[in-house]
Every structure is written in structure tokens, then in C-alpha cells.
Amino acid sequence: MKTSASRRVKTSASRRAFVLCNTILLAGISVLCLLPLAHILAISLSDKASVAAGYVNFWPRNLTMASYSYVMAKKEFWQSIAVSVKRIILGGGLSVAVTVLTAYPLSKPYRQFRRRTAYVWFFVVTMLFNGGIIPTYMLVRQLGLIDSIWALVLPPAVQVFNIVLLLNFYREIPAALEEAALIDGAGHWKIWRRIYVPLSVPAIATVTLFTLVGHWNEWFGGLIYMNRLENYPLQTYLQSVVVQTSLAQMSTGSIAEMTNRLLVSDRTFKAAQIFIGALPVLCFYPFLQKYFVKGITLGGVKG
Amino acid sequence: MKATALQAKKRKSETVFHVMLLPAVVFCLIFSYVPLGGLVIAFQKFKPAKGLFGPQDWIGMGNFRYLLEMPNTVNVLRNTLVISLWKMVLGILVPLAVALLINEVANTRFKRSVQTIIFMPYFLSWIILSGIFIQMLSPADGLANQFIGLFGAEPIFFLGDNRWFQGTVIATDVWKTFGFNTIVFFAAITSIDPCLYESAKIDGAGRMRQCLSITIPCIMGTIVLLGVLSMGNILNAGFDQIFNMYSPIVYETGDILDTFVYRLGIREAQYGVAAAVGFFKSIISTLFISASYFMAYKFADYRIF
């Protein structure tokens, strides 16, 4: 009796040690996820001299907004944001509309829609296999979409993953609602618009967020379909001014400095642009996260 | 009587479903099936002026033969496999470990904050992240090398040294994506029946025993599923990431199939050869994807729809 009591105390002591280590470890991992962003923010807010001397780690030194005002003064930067906003509105709107509509017939059981399985396969095949970049590029070129916003809007319009996610949600809606509406003489368009869409708002929100973040982050389409810089969306613009130039410097060993500026260097200027590019996702992320988690557990992986 | 009338109406109503599917079908035909058919470029001496499906010169396996004779083809294939396999393995093990650790936390608030934070890098594009990493990993004034310098070690050129490039790419990819699978694993863990833990406790099982004998076996289905599904990506070593982190000095260890196709096809305009690489990739991926979905169906009872 006595031994078992003392043993319980002992395990709880080792348990407490474990909990402490575990907490420190997890806190460390979380910090590790934030550090790169903190570093880039600190650089963007510091002056050129402190950054060059290596004084800036995670806290800005000689706080200045000079890099940001330098970015804001660039016409190309604003142009690229305008292109991004345009593609998000057009591309996101189109894609979500198509998804919400397409999932409806596919959510019907076989006895109601006999061609359903054939259609689902038709879509799923495109999720698994694609022609790759060369034929797609040739197609877009032949359709005359080079340097047109539609090259960024039309090809990704059908997102099969989102359709599957939403059709699984539609299936949970009780069929009795539909039957009642059918008896009352409503057609499927009306049932879709008046019953399924209003009842699926949380799932539609998830799909919308996936689509918007996808469009905001996409850059490769801009790179290959747009010839002129003024047609680049923000991420493509950042790729060309931040990543490409850095990689080029890495190979040649030269360091580009903006000597005509007192406070802004190549590094602080790039850091400011990077941070602005990350900002929308960072601002919305805490509110969106629960929708994303719901989305993953809802449609993606059902164990 | 009423039932048959309803059934007749239902049958008639199938037309409306076809109409609803029309927009998506049209988009898919144009932007997915046409490029899929466009893979015939791989067997042509493709001239863009004559157009996709135009009167091109057919050269049979010529493009493939040309590829086999290129000195770096084997190298590119090896890089692709090495990078994607490491990403695959660590992309399961790291999230699994983190999910198990999070599960041991009692404080709900801390638990939720950790999940929120580690999931965040997943949503930032590789443009943003490689911009950050290029600065942090720079040999001259990057943060990582300042830290290494504290211990008196020589600076490491993470992105410009063939000994370090693959490791850097794999580590930063795990950093960006581990939050996603952690959330999936954690969701699986929270759905385990608490009664199992109760009875194990009565039987005298400690925390470690419970983890090994209850938690891991209960989420084995999810582990197998994620592992199997990631097999379909065997030839996707991460174009977005590598394209934005590599440079000619690390082509030897960093060039993968997708970056190779991009340079051949878009930059050098050797469309036929690039499409041949794409064709090869499609064939291999098809095999792996079919096998992985079959296995997912068999072992984890998973269906995509």
C-alpha cells in the first residue's frame, strides 16, 4: 500500500518533468515557425547601416519606414497588386460559382442521376493526370490569352478537390427537404438556390477561402503567360524582383546596393516587399484557420 | 400512384443535371483534356507556328532518344527521387511526432495556439518564403551563418553548395508543410474513444504505454492513408520551392524533372523534348497514383468520392 502510493508520487514527478520538457519543445517549435517572419519584418523596419552591420535579428534597429515608402512609391508594385486583386475577383468568383453549381448534381444518388459516376470520373481524372506545362502553355498561347488576365482566370476555374469537398457536404443535407420541395413543384435550380446553397454557407466559405488564397499565392501562370511586367500579379512581380535578382547575385557574387538612398538597401527594400506580400495571408489567417481545419477534416481525408 | 408520378418527374429531371454540369465540363475539356491530348507533342518535332494538333512532323521516339543521350537526365531523375522521398518520409514522421506531443498537453489554450502557429507557414507562397530563406541563409550576412559563427564555425553556403542544397530544400519544405499533416493526425487522435484510455489506466498502463498501444494503433489507418496518398507525388519534388531557391551552381544536386522541363520547354523552346519529359512523368505518375489509390482503398477503405 505504502509502496504504491510512493510510486504514484514518483511517476507524477517524472510526468511533471515530461510536461515541462514537452511544453518547452512545443513552444520552441512554434517560435521556430514565427522567427523567419519576425526576422524579415525586423529587417524591413531597420535602416540600411544596421542591417549591413548584422545588428538586426528579430527586433528592428533605428526604426524607419523608409523601405516601405520606397516600395509604395513604385508604380509597378501597385500595378501588380491591381492585377492580383482583379484575378482574385474574376478567378475566385468564377471558380466558386462553378464549384457550388457542379457539386449539386454530383451529390445526387445513383437512383436519381444515373450518369453521376461517369461524370465524377470525368472530373477526378483531371485531378490525377494532366498534360503538364508545355501543352497547357501552347493551348493558352493558341487561344490568344497571352498577356490577358483571362489566362490566369480560366484555366484554374474547375477545382476538383473543392467540388468533392462540397459534394460531400451537400450529401449530408436531408433528402426529405428536397422531396418536399419537389412535391411542392419546385425545380432543381430552385432547390439548389433556395435550399442547398443557404444550408452550405460554412462549406462554401471554406471553398472560397481555399480558392482566394490559391489565387493570391499563384505566381507561375503570371510568369509564363505574361510577357509584360505591367501584367504580372503581385507574387510573380515579387518573384522577378526579389527572388530572381537574389539568385542571380548568388551566382555572380555581386551585391547590388542602392547607393543613392541613405536608409534603404537592397535587403531592406526586398524585406519590405516580402512582408507586404505575406501581409494579407497573415492578417486573415487567424480568422480563417478554423475554416481550413474544418475543410481538411470535412472532405479531404476521411480515415 | 403518387409515387410513380414522382418517379417519372425525377427521371425527367435528369436533363437539368446535365445542364448544371455543362460549364464545368466545358472548362475541363478545354483546359484539362486538350492539354492531356497535347502530350502527343512528345512524339513530334514541334513547331509552335503550326499549332497544337497541327500538321507537325512526327519523329517517333526521337525526343526520348535525345533525352537519354543528354548527360544530365539520369542526374535529374536521381535528384527528383531523393528529394521527394525524403520529403515524403519526413512529411509523415515529423507531423506524427508533433501531433503526439500536442496530444499530451493538458492546457487547451496552449494546445490551440501551437496548432494555429505551426499551420501558418503552409499558407505562405514559396515566393515569400524563398525570399525570406535566401536572406536568412546567405553566407555573407544571413542570420543562420551569424548563429553558426558564434560557435566559430566556417560559414555555410546553404543554397550555393552542392553538399548542403538538398538538405536545405528538404528541411525548409518540412518546416512549411508539417502543420498540415499535424492537424490531420491530431484530428484523428481526438476522435479516439476515451473509454480505451480509461480501461488502460485501470489496467495500470502509463502514458507511454497508452501512446504505443492505443493512440498509434488507432490512427494507423490515417498514417497509412497519408503515406500511400503521398506516393502519387513520387516525381513531384516541389517545383515552386526549388525553382525559387536554386541557381546554376547547384543544378548538379538541385535540378529536378519539373525545373528541367521548364528550362528546356519555356526558356530554350525545345517543346518536343520538354513534352517528352512530361510524358514520361505522366506515365510513371499514373502507375504510382493508380497503385496508391488501390492500396488506400484496400488498406484504409478510402474512396475519393
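Chain A is the first sequence line, chain B the second, and so forth, proteins listed ahead of strands; every chain is numbered from 1. Everything numeric here is computed off the predicted structure, so don't read it as measured data.
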Would a 4.5 Å heavy-atom cut-off, applied to side chains only, mark [X] and [Y] as touching?
{"X": "A/Ser44", "Y": "A/Leu41", "result": "yes"}
{"X": "B/Ile134", "Y": "A/Lys270", "result": "no"}
{"X": "A/Ser95", "Y": "A/Phe210", "result": "no"}
{"X": "B/Gln115", "Y": "B/Ile183", "result": "yes"}
{"X": "B/Leu159", "Y": "B/Val250", "result": "no"}

Looking at [options], which one has more heavy-atom pairs under 4.5 Å with chain B than the rest?
{"options": "A/Thr102, A/Leu139, A/Val140", "value": "A/Leu139"}
{"options": "A/Leu101, A/Val242, A/Thr99", "value": "A/Leu101"}
{"options": "A/Thr236, A/Val213, A/Thr23", "value": "A/Thr23"}
{"options": "A/Tyr137, A/Trp192, A/Phe275, A/Phe113", "value": "A/Phe113"}
{"options": "A/Val158, A/Asn22, A/Leu37, A/Val56", "value": "A/Asn22"}
{"options": "A/Ala157, A/Gly187, A/Gly132", "value": "A/Ala157"}

Report which part of [X] has an atom under 4.5 Å of a heavy atom belonging to chain A: side chain, backbone, both, or neither.
{"X": "B/Gln146", "value": "side chain"}
{"X": "B/Thr286", "value": "both"}
{"X": "B/Phe243", "value": "both"}
{"X": "B/Leu264", "value": "neither"}
{"X": "B/Ile219", "value": "neither"}
{"X": "B/Val40", "value": "neither"}
{"X": "B/Phe46", "value": "side chain"}
{"X": "B/Phe279", "value": "neither"}

Rounded to the nearest 0.5 Å, what separation is found between the CE atom of B/Met20 and the OG1 atom of B/Thr15?
12.0 Å
Which region of [X], side chain (C-beta onward) or backbone (N, CA, C, O), has a non-hydrogen atom less than 4.5 Å from a non-hydrogen atom of chain B, or is it both or neither?
{"X": "A/Ile276", "result": "neither"}
{"X": "A/Phe122", "result": "both"}
{"X": "A/Tyr237", "result": "neither"}
{"X": "A/Leu282", "result": "side chain"}
{"X": "A/Gln142", "result": "side chain"}
{"X": "A/Ile224", "result": "side chain"}
{"X": "A/Ile274", "result": "both"}
{"X": "A/Leu35", "result": "neither"}

How about [atom1] on [X], more than 12 heavy atoms from neighbouring residues, nucleotides or ligands closer than 6.0 Å, or not?
{"X": "A/Phe18", "atom1": "CZ", "value": "yes"}
{"X": "B/Tyr122", "atom1": "OH", "value": "no"}
{"X": "A/Lys190", "atom1": "NZ", "value": "no"}
{"X": "B/Phe110", "atom1": "CZ", "value": "yes"}

Which residue out of [options] racks up the most heavy-atom pairs below 4.5 Å with chain A?
{"options": "B/Leu39, B/Leu143, B/Ile118", "result": "B/Leu143"}
{"options": "B/Asn244, B/Leu36, B/Ile289", "result": "B/Asn244"}
{"options": "B/Val34, B/Asp240, B/Val277, B/Leu129", "result": "B/Asp240"}
{"options": "B/Pro23, B/Gly51, B/Cys28, B/Gly38", "result": "B/Cys28"}
{"options": "B/Val114, B/Asp258, B/Leu124, B/Ile41", "result": "B/Leu124"}
{"options": "B/Ala24, B/Gly265, B/Ser32", "result": "B/Ala24"}

Report yes if the distance between the aromatic ring centroids of [X] and [Y] is under 6.0 Å, otherwise no.
{"X": "A/Trp216", "Y": "A/Phe284", "answer": "no"}
{"X": "B/Phe158", "Y": "B/Phe133", "answer": "no"}
{"X": "A/Phe220", "Y": "B/Phe239", "answer": "yes"}
{"X": "A/His188", "Y": "A/Tyr196", "answer": "no"}

Report the relative orientation of the aromatic rings in A/Tyr119 and B/His18; use parallel for angles under 30°, tilted for 30 to 60°, perpendicular for over 60°.
tilted
Which word best sums up how the rings of B/Phe123 and B/Phe119 line up, parallel for under 30°, tilted for 30 to 60°, or perpendicular for over 60°?
perpendicular
